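Quantities reported herein were computed from a predicted structural model and do not represent experimental measurements.
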Amino acid sequence: MNIPQSNLPRVVIIGGGFAGINLAKTIANKNLQVVLIDKHNYHTFQPLLYQVSSSGLEPDSIAYPLRKIIKKHKTTFFRLAEVSEIQPNQNKIKTSIGDLTYDYLVLATGTKTNFFGNEEIETNSMPMKSVPQALNIRSLILQNFEKATIASTRAEREAYLNFVIVGGGPTGVELAGAIAELKNNILPRDYHDLNPSDMHIHLLEGSSRVLPPMSEHASEKADKFLKALGVKVHCNTLVTDYNGLDVTTNSGIKMQSETLIWAAGVTGAPVEGLNASALVDRANRYKVNEFNQVEGYDTIFAIGDIALMTCKDYPKGHPQVAQPAIQQGRLLGKNLLRLVDKKPLKPFVYKDKGSMATIGRNKAVVDLNAFKFGGFFAWFIWMFVHLMSLVGFRNRVIVFFNWTYNYINFDKAARLIIRPFKK
């Protein structure tokens, strides 16, 4: 892999998500050689992927080159590769571009879409966990609008204009709201030969309310906002089958749709090679102690969504969102420096900064420890937090101007079919 030999201890980080980049920045130029490995050469700001899918933002405004993050760090290296196996007995990993030894290994591989074993749904639905997948959804939505204009029958046109989103968590709720704004603001202006009333957005959630991880207050507000936008919310509804056209559910609801977006859950993305006992089967997450050490290993760590750290407040592990990943990455960086200096490690304690979700223009819900509110003020807070969390000043400026333009003009400027999608 052409990594220079060094007397410094080598830390290999697998994954350039929130956890990986915060760890890399914390230990940069600190008497450690750092190797960051990812299958993409950019960091993705996943909370805004849905805006790429719905033509609100271009992908380069939520992606940031990993090499640019580490460019001033002389002892930090990046390699574009996929890791296939860990060989812990030899302190070595096997990758698509060669093998590499390590002194400390950090797994920050995150999650992948969970289809719960349903292969037909996996084949025919649209996941949204990466920039390419978000672009696929954007192309498919716009292509279906075009096909609807030339559909020969009403049933065919309705299938193109039926959009089904499975999963009523933050991702599903935010995407449903964004597509509803396409219907309300873009369809009447761009597609004069289509009737907006023929377009339907269905949000299917398996539990009794949308946004189940958030408070009941947030769920009620979100449900109200979604219905005001014209979204049809179906709770206690699970999709049991989808063949690319026919949607089958456990509640007897049947519909035809050319677009089913799967936002119903995630599972860990582990790497082969560690003891089976270190992995929680159902969640595919590594068991870690309070120092993020993987169970059974002293020099292998896991952080972020792939790590399952149980404690009194979080008996099922921390939520798989950005804040635990960021906080674990930063603390592990400090702990690795303590390890090198032979100092005691500090345990991880999660500081919950709250949760939020947006449901279209002027509508959002926010849960803080003592306060729960929704509406315009919540929407403004959501925008500010996400804007400040983006990596890179350029991305913040671009997103700010895009949002300002969209707000003033009720427009989504990125509705381009650059790369046609074929099912």
Side-chain angles (χ1 to χ4, degrees), residues 50-51 53-56 121 124-128 136-206 209-211 222-264 357-361 363 410 412 415 421 423:
Y50 82 94
Q51 292 207 6
S53 299
S54 57
S55 304
I121 291 178
N124 296 303
S125 66
M126 304 292 291
M128 193 182 68
N136 286 342
I137 293 173
R138 183 179 83 175
S139 293
L140 182 60
I141 290 173
L142 297 173
Q143 287 168 207
N144 284 351
F145 286 167
E146 298 295 336
K147 290 177 181 177
T149 64
I150 58 171
S152 56
T153 66
R154 181 177 178 81
E156 185 183 358
R157 183 169 61 253
E158 286 180 350
Y160 284 124
L161 294 177
N162 255 357
F163 295 89
V164 179
I165 301 163
V166 183
T171 299
V173 164
E174 291 176 342
L175 184 58
I179 295 177
E181 290 193 326
L182 275 176
K183 170 188 173 180
N184 297 331
N185 301 321
I186 302 302
L187 205 69
R189 290 190 290 180
D190 282 15
Y191 297 88
H192 306 296
D193 40 0
L194 290 178
N195 187 346
S197 64
D198 289 339
M199 178 175 169
H200 301 286
I201 301 106
H202 299 269
L203 179 64
L204 279 56
E205 166 56 38
R209 60 187 177 95
V210 296
L211 296 179
D223 186 79
K224 177 183 175 182
F225 292 152
L226 285 166
K227 289 176 179 175
L229 285 168
V231 177
K232 298 181 179 182
V233 180
H234 308 273
C235 291
N236 298 308
T237 303
L238 299 172
V239 174
T240 56
D241 199 13
Y242 177 60
N243 62 9
L245 179 63
D246 299 296
V247 182
T248 308
T249 69
N250 66 330
S251 60
I253 297 173
K254 290 185 178 181
M255 64 189 82
Q256 289 191 327
S257 173
E258 291 283 348
T259 310
L260 186 143
I261 302 169
W262 190 263
T358 184
I359 311 98
R361 181 188 182 89
K363 301 177 182 71
F410 290 83
K412 290 179 181 285
R415 49 188 188 275
F421 175 74
K423 278 191 175 184

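- The number of heavy atoms from other shown groups lying within 6.0 Å of NZ (K423) is above 12.
- Listed for the D193 side chain is no donor-acceptor partner under 3.5 Å among the backbone atoms of T149.
- Between L140 atom CG and F421 atom CZ the span is 6.0 Å, to the nearest 0.5 Å.
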Side chain to side chain contact (heavy atoms under 4.5 Å, CB included), that's the test. Do E205 and V173 meet it? Break it down for me.
CA-CA 10 Å; E205 166 56 38; V173 164; over 6 Å; no
Stepwise side chain to side chain contact (heavy atoms under 4.5 Å, CB included) test for Y160 and I150
CA-CA 11 Å; Y160 284 124; I150 58 171; over 6 Å; no
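- In this structure, CG in L226 is found 14.0 Å from NZ in K232, a value given to the nearest 0.5 Å.
- Counted by atom type alone, N243 and D246 present one or more donor-acceptor pairs between their side chains at under 3.5 Å.
- Listed here is the closest heavy atom pair of I359 and A357: CD1-O, 3.9 Å.
- The two residues I121 and Y242 come nearest to each other via the heavy atoms CG1-N, 3.8 Å.
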Test Y191 against E146 for side-chain hydrogen bond (donor to acceptor under 3.5 Å, both in side chains), laying out the working first.
CA-CA 9 Å; Y191 297 88; E146 298 295 336; 3.1 Å; yes
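- Note that NZ of K147 and CG of L161 are 12.5 Å apart. Values are rounded to the nearest 0.5 Å.
- G168 and L203 get closest at one heavy-atom pair: CA-CD1, 4.2 Å.
- Side-chain contact check for L204 versus V164: some heavy-atom pair is nearer than 4.5 Å.
- Using a 4.5 Å cut-off on side-chain heavy atoms (C-beta onward), V247 and K254 make no contact.
- The two residues V231 and A176 have their closest heavy-atom pair at CG2-O, 3.8 Å.
- Exactly one residue among N236, V239, T240 makes a side chain to side chain contact (heavy atoms under 4.5 Å, CB included) with N250. That residue is T240.
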Walk me through whether Q256 and E158 qualify under side chain to side chain contact (heavy atoms under 4.5 Å, CB included).
CA-CA 8 Å; Q256 289 191 327; E158 286 180 350; over 6 Å; no
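- At least one side-chain heavy atom of R157 sits less than 4.5 Å from a side-chain heavy atom of L194.
- Y50 places no side-chain N or O within donor-acceptor distance of the main-chain N or O of G177, the cut-off being under 3.5 Å.
- Taking OG1 of T249 as the reference point, atom CG of L238 lies at 8.5 Å (rounded to 0.5 Å).
- Taking each heavy atom of A180 and I201 in turn, the nearest pair found is CA-CD1, 3.7 Å.
- We find the CD1-CD1 distance between I179 and I137 to be 7.5 Å, quoted to the nearest 0.5 Å.
- To the nearest 0.5 Å, atom CG of residue L142 and atom CG of residue L182 are 7.5 Å apart.
- Between H234 and H202, the two ring planes are parallel [angle under 30°; tilted spans 30° to 60°].
- Residues L175 and S53 are in side-chain contact: their nearest non-hydrogen atoms beyond the backbone lie under 4.5 Å apart.
- Residues I186 and F410 are not in side-chain contact: their nearest non-hydrogen atoms beyond the backbone lie 4.5 Å or more apart.
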Set out, in order, the CA-CA distance, both residues' side-chain angles and the distance that settles side chain to side chain contact (heavy atoms under 4.5 Å, CB included) for R209 and D223, then state yes or no.
CA-CA 8 Å; R209 60 187 177 95; D223 186 79; over 6 Å; no
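- No side-chain donor-acceptor contact under 3.5 Å links K363 to the backbone of F225.
- Inter-residue side-chain proximity for H200 and M255 is flagged as unmet; no heavy-atom pair is nearer than 4.5 Å.
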